[in-house]
Amino acid sequence: MTLAVGGGLIVAGAVVALVHAAMSSVQDSIALPPRSESPYSEPYEEEPYEEEPSAIEPDARKDVTITACTRDPQIGWQSAKVKVVNGSSTTASYTIMMEFLDEDGVKVAEGGAGVVDLEPGGSAVKKAQGLGEVPPGTTCRISDVWRTPSD
């Protein structure tokens with residue numbers, strides 16, 4: 001029995017030595033290239049993003065009016081109700097972005113609302129919820145409107 005245990009230890013030791021030698025040779029073959037001498041690389045400059053001219057219609061802002069501007073008294077978040085009337089001749093979807101301004105006219109929060117597949121001449125009322133607490137006296141202003149014709 002002692003010979004079997006001793007023989008097993010010799011075989012195990014040989015396997016460990018073989019694995020160690022194999023790992024050393026693999027480690028040498030996948031060594032990383034030397035580090036660059038420069039402390040940093042130049043920042044990547046992205047190409048400016050441009051919307052397709054046919055996808056967004058410039059006169060969409062006149063289709064949206066604010067019907068209410070309120071601050072929730074419990075949590076202090078501002079919201080606006082907006083009425084959208086599709087003034088185009090095709091079914092369209094709208095994205096409305098809002099700004100919420102304090103008494104000095106400084107933007108204190110933003111919000112948005114959307115309308116999907118509004119028929120020509122059709123109307124919809126949506127709530128644009130602001131994110132974050134704002135001071136009393138905050139007002140609402142439409143910052144951007146996108147009207148995208150539905151296919």
Side-chain angles (χ1 to χ4, degrees), residues 12-151:
V15 169
V16 168
L18 182 63
V19 168
H20 179 69
M23 293 299 291
S24 293
S25 66
V26 168
Q27 184 179 8
D28 290 341
S29 68
I30 60 168
L32 297 174
R35 289 184 60 154
S36 170
E37 296 299 318
S38 64
Y40 65 93
S41 62
E42 290 295 319
Y44 175 75
E45 293 186 25
E46 294 184 24
E47 292 292 320
Y49 176 75
E50 295 181 20
E51 295 282 348
E52 294 179 31
S54 62
I56 294 179
E57 299 181 22
D59 61 342
R61 189 179 216 108
K62 68 181 182 195
D63 291 356
V64 181
T65 54
I66 298 171
T67 60
C69 182
T70 56
R71 179 179 179 270
D72 185 299
Q74 292 180 337
I75 62 172
W77 288 25
Q78 193 81 9
S79 66
K81 280 193 180 173
V82 292
K83 182 176 183 180
V84 182
V85 178
N86 185 351
S88 73
S89 60
T90 61
T91 301
S93 296
Y94 288 80
T95 302
I96 302 103
M97 299 305 298
M98 301 295 300
E99 292 179 335
F100 302 105
L101 312 171
D102 68 11
E103 291 178 336
D104 296 325
V106 176
K107 180 171 64 171
V108 291
E110 295 178 307
V115 176
V116 178
D117 295 336
L118 190 60
E119 296 291 324
S123 67
V125 175
K126 294 291 180 171
K127 181 179 182 181
Q129 179 65 57
L131 301 175
E133 189 174 349
V134 299
T138 297
T139 59
C140 302
R141 176 173 72 189
I142 298 169
S143 59
D144 223 337
V145 176
W146 294 279
R147 178 176 62 205
T148 307
S150 301
D151 295 317

Are the side chains of [X] and [Y] in touch, meaning some heavy atoms are under 4.5 Å apart?
X	Y	value
R147	N86	yes
K81	I66	no
P120	S89	no
D63	V145	no
D72	S79	no

Checking [X] side chain against [Y] main chain: does a donor-acceptor pair fall under 3.5 Å?
X	Y	value
Q78	T138	yes
S143	M97	yes
D104	V106	no

Taking only residues at least two apart or on different chains, which pairs with a member in residues 109-150 satisfy disulfide bond (SG atoms under 2.5 Å apart)?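 Every pair satisfying disulfide bond (SG atoms under 2.5 Å apart) with a residue in residues 109-150: C69-C140.
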
According to the disulfide bond (SG atoms under 2.5 Å apart) rule, which pairs have a member within residues 74-103, sequence neighbours left out? none

Qualifying salt bridge (charged side-chain N to carboxylate O under 4.0 Å, His left out) pairs with a residue from residues 108-129, counting only residues at least two apart or across chains: K107-E110

Taking only residues at least two apart or on different chains, which pairs with a member in residues 136-145 satisfy salt bridge (charged side-chain N to carboxylate O under 4.0 Å, His left out)? E99-R141

Nearest atoms (heavy-atom pairs only) where M98 meets A80: CE-CB, 3.8 Å

Locate the shortest heavy-atom distance separating Q129 from W77; write the atom from each residue and the value.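 Result for this residue pair: NE2-CB, 3.6 Å.
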
Residue list, side-chain contact (heavy atoms from CB on, under 4.5 Å) with V85, at least two apart or on another chain: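 Only K83, S123 meet the side-chain contact (heavy atoms from CB on, under 4.5 Å) criterion with V85.
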
Applying side-chain contact (heavy atoms from CB on, under 4.5 Å), can you list everything that pairs with T139, at least two apart in sequence or on another chain?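 By the side-chain contact (heavy atoms from CB on, under 4.5 Å) rule, T139 matches L101.
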
